[in-house]
Amino acid sequence: MLDLNLIRNDTQKVVDALQKKGHTVDFTELLQWDQERKAKKQSVEALKAERNKVSGEIPKLKKQGQPVDHIFQAMRELGDKITESDKEVAELEGKINDFLLALPNMPDDDLVGGEKENNEVIKLVGEKPSYDFTPKNHVDLCVDLGIIDYERGVKLSGGGFWLYRGLGARLEWALLNFFIDEHIKDGYEFILPPHQLGYNCGLGAGQFPKFADEVYWLEGEEDRKKNRFMLPTAETALVNVYANEIMDESMLPLKLFAYTPCYRKEAGSYRSEERGMIRGHQFNKVEMVQYAKPGESMVAFEELLGKAASLVEKLGLHFRVSKLAAGDCSASMARTYDIEVWIPSMGIYKEVSSVSNANDYQARRNNTRYRDSATGKPQYVHTLNGSGLATSRVIPAIVEQYQNADGSVTVPEVLRKYMGGIEVITKK
RNA sequence: GGAAAGAUGGCGGAGCUUGGUUGAACGCGCACGACUCGAAAUCGUGUGAGCCCCUAAGACGGGCUCCGUGGGUUCGAAUCCCACUCUUUCCGCCA
């Protein structure tokens, strides 16, 4: 959520910033509501002050034995006026709030505008592997090795689902354990959150109300606000852990990570090139989150980016880091860098991690603050998140980049200890 | 799933029977000050959040709202009524 104060005082700046994200806004109406609300509120408060004053005098008058009935009559009318005005104020506030909740975050100043085509590759690590044989794509490799069972996944649950089998399951689990160990080593707290979350979590993370149709809702309450959904990423849980709390300054920066499956509808995003496990309805991810003081969130950002990159690097994969243009950052984020791993069969780099800084956008939505020692006042924290990493993009990269002429796949060095020392995955 | 009790400020805990001067006694914690060479102890003062007005700005200037959440009754509600949520205990069920 954006700061209404900023919109009031520096309207054009906000308009321009959102324009950079490809979002055209007109604040005229909002500012008008804001004015109306302000005026209305002032007048109601004056009425309430009057009521409070008179109410305080009634016991005294009663004690003196003076008549109070005529006062009651007048107060009743005043009360009705207050009720009516309160309603009007509430309506205006509702409209203002809905308007603000629908706005995306402002991109940081240094981002270029425009969409994906303006993304900038800022780092390239490793080299594209070359083969002296005809390389296979990850779908064929995994099926041939019997480590992923797509057909039976579809049988069990429909398109977009698969089974990890045997060494495939062990490879998946090895990756997760590798990531978890690395984060623990770096001092991050391991969290296993619920996979079913309430509406407020989606709202706080910035996914709702706009993207409420992109998650799986559970049966139950008709009203979504009372219902639960399957989390689309652990970020949705982690970013809400301290909602409506005032954190102690000494807690910051707070570094968390979680492993969860991610459940996504991904409606209408099928593309023929995205075969296999590139885009499914359920995939595993380890997610990192930091809560930081505003002045320190860039440091946190660099750390998260460095951590995500180091995981890919330790796996020995060729990848690149892209700084996303404003329009390619998701709605909640002020800044996003993607780590994209090379998928030989597709001839493209595919995102395995997205590292973002939301600044105070999420904290304003879910009211997460810390007490600033300098001013003694509560202040919104900055929230940052980064995948570390999503396995469903890493496995295709591993099997393709590590494939051998005979169709076997060499296990990256760092994963072997999690797989009982197995060095090569071969056909059974 | 059934029954009972409960939900108050950073924490503990009054107030609710008998609605009014209670944003909330008291204690703890914390902050500042005094005392001290310094500390402890002691004493004093203060100590939630949000919004609004005033102001160049700030305030130890004024106002409004918040005692789980949402409604209701009333001139007036932490206090009465209703619904919901959650917590604890007991019973049932169960990996």
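All chains are named by letter (A, B, ...) in the order of the sequence lines, taking the proteins before the strands, and each is independently numbered beginning at 1.
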*Asks:* Could you identify the nucleotide paired to B/C32, looking across every strand shown and requiring Watson-Crick or G-U wobble geometry with both distances under 3.5 Å?
*Replies:*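 Pairing partner: B/G44.
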*Asks:* Need to verify one output field. Residue with the more 5' nearest nucleotide on RNA chain B, A/Lys38 or A/Arg371?
*Replies:* A/Arg371
*Asks:* Using purine N1 to pyrimidine N3 plus N6-O4 or O6-N4 for Watson-Crick, or N1-O2 and O6-N3 for G-U wobble, both under 3.5 Å, which nucleotide pairs with B/G20?
*Replies:* B/C75
*Asks:* Distance check, C1' atoms only: B/U47 and B/C11, in whole angstrom units.
*Replies:*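 Pairwise C1' distance, B/U47 against B/C11, rounds to 14 Å.
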*Asks:* Before accepting this row, confirm whether a basic side-chain N of the pair A/Glu29/A/Lys95 lies closer than 4.0 Å to the acidic partner's carboxylate O.
*Replies:* no
*Asks:* What's the gap between B/C16 and B/C81 when it is taken at their P atoms, as a whole Å value?
*Replies:* 14 Å
*Asks:* From CD of A/Gln379 over to P of B/G50, roughly how many Å is that when rounded to an integer?
*Replies:*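 Taking CD of A/Gln379 and P of B/G50, I get 11 Å after rounding.
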*Asks:* Is the distance from OP1 or OP2 of B/C53 to the nearest side-chain N or O of A/Gln42 less than 4.0 Å?
*Replies:* yes
*Asks:* Using atom C1' in both nucleotides, what's the gap between B/U55 and B/G63 to the nearest angstrom?
*Replies:*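 These two C1' atoms come out 16 Å apart once rounded.
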*Asks:* Please give, in whole Å, the distance from B/C51 P to A/Ile96 CD1?
*Replies:*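 Going from A/Ile96 (CD1) to B/C51 (P), I get 14 Å.
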*Asks:* Should the pair A/Trp33 and A/Phe99 be assigned to parallel (<30°), tilted (30 to 60°) or perpendicular (>60°) ring geometry?
*Replies:* perpendicular
*Asks:* Less than 4.0 angstrom from a charged side-chain N to a carboxylate O is my criterion; do A/Arg335 and A/Asp110 meet it?
*Replies:*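 The answer is yes: the pair qualifies as a salt bridge.
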*Asks:* A/Glu245 has an atom CD; how far is it from atom P of B/G10, in whole Å?
*Replies:* 11 Å
*Asks:* Any salt bridge between A/Asp328 and A/Lys116, counting N to O under 4.0 Å?
*Replies:* yes
*Asks:* B/G29 C1' sits how many Å from A/Asp248 CG, rounded?
*Replies:*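 So the two atoms are 13 Å apart, to the nearest Å.
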*Asks:* Identify whether any heavy atom of A/Lys60 sits under 4.0 Å from a base atom; if not, whether one sits that close to sugar-phosphate; answer base, sugar-phosphate or nothing.
*Replies:* nothing
*Asks:* Checking base pairs now: Watson-Crick or wobble, both atom distances under 3.5 Å. What partners B/U55?
*Replies:* none
*Asks:* Inspect the contact between A/Asp186 and A/Lys307 and indicate whether a charged nitrogen and a carboxylate oxygen are less than 4.0 angstrom apart.
*Replies:*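 Yes, A/Lys307 and A/Asp186 are salt-bridged.
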*Asks:* In the structure shown, which nucleotide is the Watson-Crick or G-U wobble counterpart of B/A3, with both distances under 3.5 Å?
*Replies:*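 For B/A3, the partner nucleotide comes out as B/U89, under the 3.5 Å rule.
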*Asks:* Please report the distance separating the C1' of B/G27 from the corresponding atom of B/G50, rounded so that it comes out in whole Å.
*Replies:* 28 Å
*Asks:* Using the C1' atom as the reference point in each nucleotide, state the distance between B/U22 and B/C67 in Å, no decimals.
*Replies:*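 Each nucleotide's C1' atom is 10 Å from the other's.
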*Asks:* For A/Arg37, which contact category applies under a 4.0 Å heavy-atom criterion: base, sugar-phosphate, or nothing?
*Replies:*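 Result for A/Arg37 = nothing.
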*Asks:* Measuring only the C1' atom in each nucleotide, how far is B/A83 from B/G10? A whole number of Å is fine.
*Replies:* 31 Å
*Asks:* What is the per-nucleotide protein-contact pattern of nucleotides 56-86 of chain B, from the 5' end, where B denotes a base atom under 4.0 Å from a protein heavy atom, S denotes such proximity for sugar-phosphate atoms only, and - denotes neither?
*Replies:* -------BBS---------BS----------
*Asks:* With a cut-off of less than 4.0 Å, is there a side-chain N or O of A/Arg369 near OP1 or OP2 of B/G50?
*Replies:* yes
*Asks:* Tell me the interatomic distance from A/Leu47, atom CG, to B/C53, atom P, rounded to whole angstroms.
*Replies:* 16 Å
*Asks:* Return the nucleotide paired to B/C84: Watson-Crick means purine N1 to pyrimidine N3 with N6-O4 or O6-N4, wobble means G-U with N1-O2 and O6-N3, both under 3.5 Å.
*Replies:* B/G68
*Asks:* Just name whichever nucleotide pairs with B/C26, Watson-Crick or G-U, keeping both distances under 3.5 Å, else none.
*Replies:*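 WC or wobble partner is B/G12.
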*Asks:* Can you tell me the Watson-Crick or wobble partner of B/A95, both distances under 3.5 angstrom?
*Replies:* none
*Asks:* Check this for me: does any side-chain nitrogen of one of A/Glu249 and A/Lys293 sit under 4.0 Å from a carboxylate oxygen of the other?
*Replies:*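 Yes, charged N to carboxylate O under 4.0 Å.
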*Asks:* Does the pair A/Arg364/A/Asp3 count as a salt bridge with the N-to-O cut at 4.0 Å?
*Replies:* yes
*Asks:* Take atom C1' in B/A77 and the same atom in B/G20, then report the distance between them in whole Å.
*Replies:*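 About 10 Å, rounded to a whole number of Å.
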*Asks:* Assess, by modelled atom type and distance only, whether the side chains of A/Tyr259 and A/Asn284 contain a donor and an acceptor separated by less than 3.5 Å.
*Replies:* yes
*Asks:* Is any NZ, NE, NH1 or NH2 atom of the basic residue among A/Glu340 and A/Lys350 found under 4.0 Å from an Asp or Glu carboxylate oxygen of the other?
*Replies:* no
*Asks:* Grab the CG-P distance between A/Leu92 and B/C51 for me, whole Å please.
*Replies:*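 After rounding, the reported distance stands at 18 Å.
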*Asks:* If you measure from the P atom in B/U79 to the same atom in B/U17, how many Å do you get, rounded?
*Replies:* 10 Å
*Asks:* Sort out the partner of B/C37 for me: Watson-Crick or G-U wobble, both distances under 3.5 Å, none otherwise.
*Replies:*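 The answer is none; no pair meets the criterion.
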